[in-house]
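The next block holds one structure in the form of structure tokens; read it before the comments.
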Amino acid sequence: MSEAEKYDHHLIEKKWQDKWSQDGLYVTKDDPKKDKFYCLIEFPYPSAEGLHVGHPRSYTALDIVARKKRMEGNNVLFPIGFDAFGLPTENYAIKVKKNPADITKDNIERFRTQLKSLGLSFDWSREVVTTDTEYYKWTQWIFLQLYKKGLVYQSEMPINWCPSCKIGLANEEVVNGKCERCGTEVTKKNLKQWMFKITQYAQRLIDDLDTVDYLEKIKSQQINWIGRSEGAEVSFKIKYPRLAGNKTKHCLIVHGVSGHRRENWFPWLKNVLQEEGWQVGVPDLPATDHPVVNDWTKALMDSFSDVSTIVCHSLGAPAALNLIQETNREIDQLIMVAPVNPLQDWKHLNKEFPHADWDAIKKFADLKFDWKKIKQNVRKVVVYYSDDDPYISPESIDFYKKHIPEASFKLLPGKGHFNERKGIIKLPELLDDLIPSVKIFTTRPDTIFGATYLVLAPEHELVEKLKPEINNFEEVEKYIKASQNKSDLERTDLAKDKTGVELKGVKAINPASGEEIPVWVADYVLTGYGTGAIMAVPAHDERDFEFATKYKLPVIKVIEPIIVHSENQPHPEIVANKSVFAGEGNLINSGKYNGLTSFGKLGAKVKIIEDLKKLGLADSSVQYKLRDWIFSRQHYWGEPIPLVHCEKCGIVSVLEKDLPVELPKVKNYEPTETGESPLAGIKDWVNVKCPKCGGKAKRETDTMPNWAGSSWYFLRYTDPHNDKEFASQQALKYWTPVDLYNGGMEHTTLHLLYSRFWHKALYDLKLVPTSEPYQKRISHGMVLAEDGKKMSKSLGNVINPDDVVKEYGADTLRMYEMFMGPFAEAIPWDTKGIVGVRRFLDKVYLLGLRAKGLGVKGVDEKIKSLLHKTIKKVTEDINEFRFNTAVSALMILVNEMQGARKIDKITFEKLLLILSPFAPHLTEELWLQLGNNKSIHLESWPKFDPRLVKDQKIEFVIQINGKLKDKCLMPADVTEEDVLQYLEQSSKIQELIADKQVVKKIFVPGKLLNIVVK
RNA sequence: GGGCGAGUGGCGGAACUGGUAUACGCGAUGGACUUAAAAUCCAUUGGUGUUUAUCCACCUUGUGGGUUCGAGUCCCACCUCGCCUACCA
């Protein structure tokens, strides 16, 4: 082939790209008569670097699918847009001191030119850009709908904070625990954040995966990320430490003036405490003889000589204080429920309690409390009060706050005076003070007898609560502070030893065995998951084992592996010899559960929980690793969150008619010192009138994350110019769900999950017709650099697609990207390999030139058959995304056609048709040169003839003991008899089996005959 | 540590439900064309051995076992690499 016979890609490609655009060849109209096919690529982020050689790989692949689908008669939607908000642009803007909006505009322009040079059949008329106000107006509108639905809330959350850049970082900006930009170790900072309740959808996000067609590994990644685990919450009671020794558990309950009603709330407490082995004294005194009088006090102390705890209610409170003062006895804890201020004027209550001795009560006012003395005698004071108590005013509580500031004051809203007539008010909180307990989450309740200690996360609230009981509180506090200051990296570094500290003086009771076990605080237990506390079973959990070994805590084996002797199982001794056995098995050392299996419907897992449930000590529980979605970003370049903080009304939505809340232009994009968004500094933007009351208000200055705009862009494509709705119901009904969605594996957790959640929320609001956004999801492999590493600017190994297009043409680039390897796998780029596909296209071109002179009919049967086989193969390969083998099939056909003696125009045209999705420019050029007057891309996809695909004659294989020994040409439907007959005449085979004994013969129709000899 | 996936020539890779391993492409070698080079075309190209008339034999899909008439493909163990994830009880 000479130079002249090579085609000029510059000329051809530009010509057709312009023509197609002029003719609107790829503009899609909604057409209910045609079957729709919605084919979607992840829209790119228009970075300053421009397109990278990885983009065309997936775009071409889906372009091929889209083109084929069109030829098959579908109405195809194949749109394109840009996901343009986000940090890289903001950072770049700060660096070059330009407006991110201007930078974005330039970048998109560059991307458009590049994308257009590839001959992709996008419908550019539907282009969507997330940073356009017409687009983000609707992102904000949807946010408001979700806000109104109660899916959005505000919460103080620790965010990643770079102390050097003074900036909040998104998770994806933290690389190995360090700031992506400056390399400083990232710490945590508490900031109020807007959150999405994605956890509410956790179960549905798992369940509905059954209704969609995703690659298995994508499904499993989603399921893993959501991380459902079934288990149980079990309460471990804390042993009240001061009672452990010589003291008896003795509680005195002192009621108020309404002594006749004390049964309204005392009995339950009395019962519970008695069940726990406490002695309980409730002075059963007539109301008229209320215990203010010193005589009574003395009598009381005589009869209850060893009281460790006093619970008092209402007027019982000053009485109890008086009691403590007068008797000068040490009390462990004093719990005051709705305590009365003794200085209060009680006259107005005379009528309500006519039987009370008001003369005696009035003496309260005369009491002189010696607060110092009282406080010396009581170790711990707890005060419960309510916000709607008709008898106890806030001033009463202030009285106690003034005199006993050390007490813990607990407001329980809506409890009234804690003595409602209608029923008994139970105060589990109070019980927690008397008999505190730790709730733990476990997936292995069957190992509970092996729980030799408890571990609390450092942030666990019980630590503070047990403060008076902890003998080494200073040490504990130091540990907690230290672990809070640790960076995430340090805290999750598995290589480092686990650390922890024991709460000395505190013991917990194993509810199954009744054993006393120590309680530790350690940061290998996470606050955010489960209950923030675990029972440690060192014999059957690696982490617990490691910790127990370090701190010399007991290890009790309670599960024995079931020994099954089977060749297909790992050897049982290997399992048995491990110090930690985390599998299932039979129970030992577990009291009455010994001998049960750990698993199964009748196993210990179920049985133990059932039994503990009856005692009110356990409950089945399902936990998810998935956390709520932190939706706030303290950055400039994102959609403003359309909320307003009003001094009077609190948080108020921006009115729909006032959307979009536009990003103001500012001079400085640098984040602020405080971690607030740069928007906070723009006074005339921040200060607004409240949409509700018209009063003073401030705008929310946080912006949305990138994931917002990309959660619903595919909906906008269906109706991109609608200014009344985000998309019309009609368009949504016709086009959704997306039939085929391709993207990178790196987006299968975050983007895909967020987007599915967002869509489900819209579905619940009846704003979209389907509960799942994407019917099918596939994923492409990365294009690696020639050295096999990731392409990156810093390594200087990036290949620019523009250079390839310039030198070899878009068709060549497209075909090479398809040919390089399996679509789903990462493949290194090989510039040398490109010439192979270019040579192939040159061959096609040459064949085309020759074909012009050919007759309409007359072709070798062999070529005809191969053509039909190739049509079949290419059709199937595109359906299965096996583009590499489709290309190779096309190459084989072209090689054969080149060497063929006889070939006709129709055969060549069919080749062009099946090649056209891969190389749209060249095939269009040749198609029209051959005298056709309509674009090849408007033609139908050719069908193969099944008769021609089947070979008449086949190469039949003769094996001896499975090894190939001979081949012979046979009719496709050859019988065993015919083959055997052939064998008898074959001297070669006869020789080979001459001195052997033929055991049997295996005949596989249409394939082979295997002779088994000895 | 967990999850998923992959190991096939000098290289990228192919092989449908177990049935001819190495398709297709790159590279390499030799030849044709050319003053020469490029381009193009033709031939060869997994390894070893033997023979050189190119016939033949044996070996070969990370390693070691197993199932089977037959294993790149299925099972078990191990090794290596990649991606995602990370103390989730």
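Naming: A, B, ... by sequence-line order, numbering from 1 per chain. Everything numeric here is computed off the predicted structure, so don't read it as measured data.
Counting to the nearest Å, the C1' atom of B:G82 and the CD atom of A:Glu746 are 15 Å from each other. In this structure, CD1 of A:Ile223 is placed 15 Å from C1' of B:C84, rounded to the nearest angstrom. In this entry the distance linking NZ of A:Lys963 with P of B:U68 reads 17 Å, nearest Å. The interatomic distance linking A:Glu786 (CD) with B:C26 (C1') rounds to 12 Å, in whole Å. When rounded to the nearest whole Å, the span between CE of A:Met745 and P of B:U85 equals 10 Å. Rounded to whole Å, atom C1' of B:A86 lies 13 Å from atom CD of A:Gln221. Rounded to whole Å, the distance from CG on A:Asp541 to C1' on B:G1 is 11 Å. Distance, A:Asn961 CG to B:A71 C1': 15 Å, rounded to whole Å.
Comparing B:C87, B:C26, B:C84 against the side chain of A:Val835 picks out B:C26 as the nearest. Residue A:Tyr524 has its side chain nearest to B:C87 when only B:C84, B:C69, B:C87 are considered. In this structure, of B:A89, B:G25, B:C41, it is B:C41 that holds the atom nearest to the side chain of A:Gln898. In the set B:C24, B:G3, B:A89, the nucleotide with an atom closest to the side chain of A:Ile892 is B:C24.
Only the P atoms considered, B:A14 is 13 Å distant from B:A23, to the nearest whole Å. Comparing B:A21 with B:U73, their C1' atoms sit 11 Å apart, to the nearest whole Å. When the P atom is compared between B:U51 and B:U63, the two are found 30 Å apart, to the nearest whole Å. Comparing the P positions of B:G46 and B:G10 gives a spacing of 10 Å, expressed to the nearest Å. Comparing B:U61 with B:G72, their P atoms are spaced 7 Å from each other, to the whole Å. Annotation: B:C58 and B:G62 have their P atoms spaced 23 Å apart (nearest Å). Nucleotides B:C41 and B:A53 are separated by 34 Å at their P atoms, to the nearest Å. Comparing the same atom, P, in B:A89 and in B:C83 gives a spacing of 26 Å after rounding to whole Å.
Applying the ring pair (Phe, Tyr, Trp, His ring centres under 6.0 Å) criterion to A:Tyr982, with sequence neighbours excluded, gives no partner residue. Scanning for side-chain hydrogen bond (donor to acceptor under 3.5 Å, both in side chains) contacts around A:Asp213 gives A:Lys776, with sequence neighbours left out. A:Val1004 meets the side chain to side chain contact (heavy atoms under 4.5 Å, CB included) test with A:Ile1002, A:Lys1007, A:Leu1008; sequence neighbours excluded. Every salt bridge (Lys or Arg N to Asp or Glu O under 4.0 Å) that A:Lys869 has, sequence neighbours left out, goes to A:Asp951. Shown here are the side-chain hydrogen bond (donor to acceptor under 3.5 Å, both in side chains) partners of A:Tyr479, two or more places apart in sequence or in another chain: A:Thr499, A:Asp523.
Counted within 6.0 Å of NZ on A:Lys872, heavy atoms from surrounding residues, nucleotides or ligands total 12 or fewer; the atom is thus considered open. The number of heavy-atom neighbours closer than 6.0 Å to NZ of A:Lys950, taken from other residues, nucleotides and ligands shown, is 12 or below.
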Solution key, residues 525-540 of chain A side-chain donor-acceptor pairs under 3.5 Å, sequence neighbours excluded:
from, atom 1, to, atom 2, distance (Å)
A:Thr527, OG1, A:Glu459, OE1, 2.6
A:Tyr529, OH, A:Ser229, OG, 2.7
A:Thr531, OG1, A:Lys439, O, 2.7
A:Thr531, OG1, A:Phe441, N, 3.4
A:Thr531, OG1, A:Ala533, O, 3.4
A:His540, ND1, A:Phe581, O, 2.8
A:His540, NE2, A:Val558, N, 3.0
A:His540, NE2, A:Ile559, N, 3.1

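Base contact: A:Lys625 has a heavy atom under 4.0 Å from a base atom. Using a 4.0 Å heavy-atom distance criterion, A:Val455 is classed as making no nucleic acid contact. Using a 4.0 Å heavy-atom distance criterion, A:Asp544 is classed as making no nucleic acid contact.
For B:G62, the base adopts the anti conformation, since its glycosidic angle falls more than 90 degrees from zero.
Using a 4.0 Å cut-off on heavy atoms, the residues of residues 224-233 of chain A that approach RNA chain B are A:Asn224, A:Trp225, A:Ser229, listed by number.
Residues A:Met897 and A:Ile863 are in side-chain contact: their nearest non-hydrogen atoms beyond the backbone lie under 4.5 Å apart.
Judged purely by distance below 3.5 Å, without hydrogens or angles, the side chains of A:Asp8 and A:Tyr845 never pair a donor atom with an acceptor atom. In the model, A:Lys843 has a side-chain atom that pairs as donor or acceptor with a side-chain atom of A:Asn895 under 3.5 Å.
Of the possible polar contacts, one joining the A:Ser483 side chain to the A:Ile480 backbone as a donor-acceptor pair under 3.5 Å is found.
For B:G25, the OP1/OP2 oxygens have no side-chain nitrogen or oxygen of A:Arg839 closer than 4.0 Å. Residue A:Lys1000 places at least one side-chain N or O closer than 4.0 Å to OP1 or OP2 of B:C69. Considering only side-chain N and O atoms, A:Tyr529 lies under 4.0 angstrom from the phosphate OP1 or OP2 of B:A89.
The pair A:Lys605-A:Glu584 meets the salt-bridge criterion, since a charged nitrogen lies less than 4.0 angstrom from a carboxylate oxygen. Electrostatic pairing of A:Lys832 and A:Asp830 does not count as a salt bridge here, judged by no charged N lying under 4.0 Å from a carboxylate O.
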Any chance you could list the contact pattern along nucleotides 43-49 of chain B? Use B for base contacts, S for sugar-phosphate-only contacts and - for none, protein heavy atoms under 4.0 Å, 5' to 3'. -------
So if I define the base as every atom that isn't primed, P, OP1 or OP2, how would nucleotides 10-20 of chain B read as a B/S/- string at a heavy-atom cutoff under 4.0 Å? --BSS-B--BB
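Take the nearest nucleotide of RNA chain B for A:Met891 and for A:Gly532: the residue whose nucleotide is more 5' is A:Met891.
Identified under the side chain to side chain donor-acceptor pair (under 3.5 Å) test for residues 811-821 of chain A, with sequence neighbours left out: A:Asp63-A:Arg814, A:Asp811-A:His921. Pairs of residues two or more places apart, or lying in two chains, that qualify as side chain to side chain donor-acceptor pair (under 3.5 Å) and include a residue from residues 877-894 of chain A are A:Lys68-A:Asn879, A:Lys873-A:Asp877, A:Asp877-A:Arg882, A:Asp877-A:Thr885.
Ring orientation note: the planes of A:Phe547 and A:Tyr551 are tilted relative to one another, at an angle of 30° to 60°.
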Dot-bracket, RNA chain B: Watson-Crick or G-U, under 3.5 angstrom, [ ] crossing, | other strand? (((((((..(((......[....)))((((((.......))))))((((......))))..(((((..]....))))))))))))....
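No donor-acceptor contact under 3.5 Å links the side chain of A:Lys217 to the base of B:C84.
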